[in-house]
Amino acid sequence: MHAPIIFVALLVLLGAAYLLIPPLRQRIGWAAAILVLVAPATVYGSILSGQQFADFTYPDGWPDAVQQHHDNAYWLLWTLLALIPVWFLFTGLDRGRRAALLRGGDAPSPRRPRTARPPRARTTRPRAGAR
């Protein structure tokens with residue numbers, strides 16, 4: 001199964017673009033977030049199918065090259081799984097930063113307790129031309 005080759009490469013490209021080109025973050029963030037979850041799943045599926053294929057092809061034991069390939073796949077899987085929380089932490093911090101910029105401040109605004117306010121007194125102005 002060669003889906004991880006495509007999905008992991010796309011994840012690397014979109015992740016680098018997301019990290020290095022801030023104006024693109026809102027446009028490609030959703031695709032990168034999907035790939036953060038899909039890429040490890042495809043790697044895991046490839047590991048399972050590769051194990052079955054290797055057991056069928058080499059019933060007496062795997063050669064060193066096949067074992068090394070298997071070990072590399074597990075290393076890739078654990079690396080991708082470790083990056084999932086890092087990715088979502090980064091996107092959450094970026095979303096908070098954008099929200100603070102829209103508010104015009106650096107920090108989150110404090111929550112104000114909701115209290116009943118007395119209604120504002122209306123002042124009546126004389127109309128133009130009225131005496």
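Bear in mind the structure is a predicted one, so any value in this text is a computation, not a measurement.
Using a distance-only test at 3.5 Å, with no hydrogens or angles considered, a donor-acceptor pair links the side chain of Ser49 to the main chain of Ser46.
For CZ of Phe88, the number of neighbouring non-hydrogen atoms (other residues, nucleotides, ligands) closer than 6.0 Å is greater than 12.
Both Ile28 and Leu10 are assigned to one and the same hydrophobic cluster, defined by single-linkage of ILVMFWY side chains at heavy-atom distances under 4.5 Å. In this structure, Val12 is not a member of the same hydrophobic cluster as Leu83, with clusters built from ILVMFWY side-chain heavy atoms closer than 4.5 Å. Side-chain heavy atoms closer than 4.5 Å link hydrophobic residues (I, L, V, M, F, W, Y) into clusters, and following such links, even through other members, never connects Val66 to Ile47. Connection of Val36 to Leu13 is not established within any shared hydrophobic cluster, with ILVMFWY side chains joined at heavy-atom distances below 4.5 Å, either directly or through further cluster members. Cluster annotation: Phe53 and Tyr58 are assigned to distinct hydrophobic clusters (Ile/Leu/Val/Met/Phe/Trp/Tyr, side-chain heavy-atom contacts under 4.5 Å, transitive).
Expressed to the nearest 0.5 Å, how far CG of Asp60 lies from CG of Asp55 amounts to 11.5 Å. In this structure, Leu24 CG and Leu14 CG are separated by 9.5 Å, a value rounded to the nearest 0.5 Å. With values rounded to the nearest 0.5 angstrom, Leu19 atom CG is found 8.5 Å from Trp87 atom CH2. Of the inter-residue distances, the one linking Leu80 atom CG with Leu37 atom CG reads 11.0 Å to the nearest 0.5 angstrom. Annotation: the span from Thr91 atom OG1 to Trp30 atom CH2 amounts to 15.0 Å, rounded to 0.5 Å. With rounding to the nearest 0.5 angstrom, the OG1 atom of Thr42 is 10.0 Å from the CD1 atom of Ile5.
In this model, a donor atom of one side chain and an acceptor atom of the other lie less than 3.5 Å apart for Gln67 and Asp71.
Using a 4.5 Å cut-off on side-chain heavy atoms (C-beta onward), Val43 and Tyr74 make no contact. Using a 4.5 Å cut-off on side-chain heavy atoms (C-beta onward), Asp64 and Gln68 make no contact. Between Gln51 and Leu48 there is a side-chain heavy-atom pair separated by less than 4.5 Å.
Note on ring orientation: taking the six-membered ring where Trp is involved, the planes of Trp62 and His70 are perpendicular (angle over 60°, cut-offs 30° and 60°).
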